Protein chains: 2
Amino acid sequence: MSANPTPRPRFREQLLRVREDAIVSSVNRLLAERGYDQMTVDQVAADVGIAKASLYKHFASKEALAAAAMVRVLDQALAEVADLAERQPAIAPLQALRAITGWAMQQQLAGCMPSLPAQNSALRSALLGHKGYVDRVMTLSDRLGAWITAAQADGSLDPDLPPELVLYTLYARACDPVLGLLRAGGTYSADESVQWVLRTCFEGLQAKPATPQRSAREQLVATG
Amino acid sequence: MSANPTPRPRFREQLLRVREDAIVSSVNRLLAERGYDQMTVDQVAADVGIAKASLYKHFASKEALAAAAMVRVLDQALAEVADLAERQPAIAPLQALRAITGWAMQQQLAGCMPSLPAQNSALRSALLGHKGYVDRVMTLSDRLGAWITAAQADGSLDPDLPPELVLYTLYARACDPVLGLLRAGGTYSADESVQWVLRTCFEGLQAKPATPQRSAREQLVATG
DNA sequence: GTCTATAAAAAGATAGAC
DNA sequence: GTCTATCTTTTTATAGAC
């Protein structure tokens, strides 16, 4: 009998992963460009350069394709969080939240942020039944939640706000259409657009009350 | 010859309008519940209670249905703006913007805000070719733009922000998914949810620097 | 696993009688 | 204008050879 009944299993595995990675890349881009409903499996197959039937050997359904894309971007977000915590262990929690949100916005403008419709219940069910997806969402929410709690404790984040409101808001801003509209206007670069939307997100639309110009009484006291 | 070749044309017209109004109501609700891509013409016909072919006698396409729903909600928004300007002529521009945005958020939570995908280019083209829709969007943007300019002039709205950023942001908040998520949590009523999201929109996530607690020196001066 | 070819079903739109 | 019945296209998914 042969000494290697299954020669180089690692190599085959690696090849499989590379192929599936290419598929997920295509899905990711198409989801970012066209959204879930407008993306077709034929487009994915054509983009990857394989037959549609081959695609279904790797992923069981269109929903599975979307889930895989979400898992990847969630892993990237988790890596970004870990990187931030490692490189800047002393970073203020509010600044950490701002950095992660800015990273997500950059991803969106770069066409790397898959966008799924909130209203497609079939897709929603499929995602909630996908353990890998749910686990990552919970882990990321835990990490962000810790920063939110800390930022509220140190007084940099409004302590009155329900933490879940903050969490939802940050997730939503990662897909905020305002970003694309502002960028499409042509007046601002991608980075500038991100800074503007980040600013409105954290500092609001209203003018700051005191910081820019002190009150007359305060000025009198300080001067006299 | 008969004295009335076309008997009671007004009555027929009125009947037609009532029917089309019922259609638009169904479309509006389905667009709010399921979104454009997940809404089917069959569902609309079934909801109205007429045959699909009859539907196509009133509206030429699915895109036309969506456009009609948007026109109606834009008219409602314009009526709200006019009502605000008439009943409270002295209202501060910032408060006017806040009131209109809050009204839109209430509409969303009530299931009356049709949501169209930003990425469907076919739909986008159809809308941009629809004069009634474009006119109303421009008119509403003009009204809001006037308030934005005024609010920046009186210093209540951050004067550094590009006005188009503010405009885009207000439009986007009318469809903000955060609202539905917060409401779905069950902790807050619809009105409370609107207030929370309004607050984060205008005041941001960060804590205010000075307003909530005055500085020690200021307190000393005020007390002594 | 990859391919070609083909279901199978959904959905937008229309024909033609009344 | 409203209906039933049908068309046409698109799209998800699979059969079966290699």
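Proteins get letters first, then strands, A, B, ... in listed order; numbering begins at 1 in each. This structure is a prediction, so every number in the text was calculated from the model and none was measured.
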Enquirer: Expressed in angstrom and rounded to an integer, what is the separation of B:L123 atom CG from C:dG12 atom C1'?
Expert: 14 Å
Enquirer: Nearest heavy-atom pair of B:W147 and B:P93: which atoms, and what distance?
Expert: O-CB, 3.5 Å
Enquirer: Grab the NZ-P distance between B:K57 and C:dA13 for me, whole Å please.
Expert: 15 Å
Enquirer: What is the distance, to the nearest angstrom, from the CG atom on A:L55 to the P atom on C:dT2?
Expert: 10 Å
Enquirer: Write down the distance between CG (B:L16) and C1' (D:dT2), rounded to a whole number of angstrom.
Expert: 13 Å
Enquirer: Under 4.0 Å between a side-chain N or O of B:S54 and OP1 or OP2 of D:dG1?
Expert: no
Enquirer: Can you list the steps and then say if B:L170 with B:F202 is a side chain to side chain contact (heavy atoms under 4.5 Å, CB included)?
Expert: CA-CA 10 Å; B:L170 297 185; B:F202 281 89; 4.0 Å; yes
Enquirer: Does A:R173 form a side chain to side chain contact (heavy atoms under 4.5 Å, CB included) with A:T169? I'd like the steps, not just the answer.
Expert: CA-CA 6 Å; A:R173 289 311 154 262; A:T169 300; 4.2 Å; yes
Enquirer: From the options D:dT2, D:dG1, C:dT2, select the nucleotide whose nearest atom is closest to the side chain of A:R19.
Expert: C:dT2
Enquirer: So which atom in B:P114 and which in B:M70 form the shortest heavy-atom distance, rounded to 0.1 Å?
Expert: CG-SD, 3.7 Å
Enquirer: Check the distance between C:dG1's P and A:L15's CG and give it to me in whole angstrom.
Expert: 9 Å
Enquirer: Treat primed atoms plus P, OP1 and OP2 as sugar-phosphate and everything else as base, then score nucleotides 8-15 of chain D 5' to 3': B for base contact with protein heavy atoms under 4.0 Å, S for sugar-phosphate contact only, - for none.
Expert: ---SBBBB
Enquirer: Closest heavy-atom contact between A:A45 and A:L55?
Expert: N-CD2, 3.9 Å
Enquirer: Establish, from distance only, whether the side-chain atoms of A:R72 and A:S25 form a donor-acceptor pair under 3.5 Å.
Expert: yes
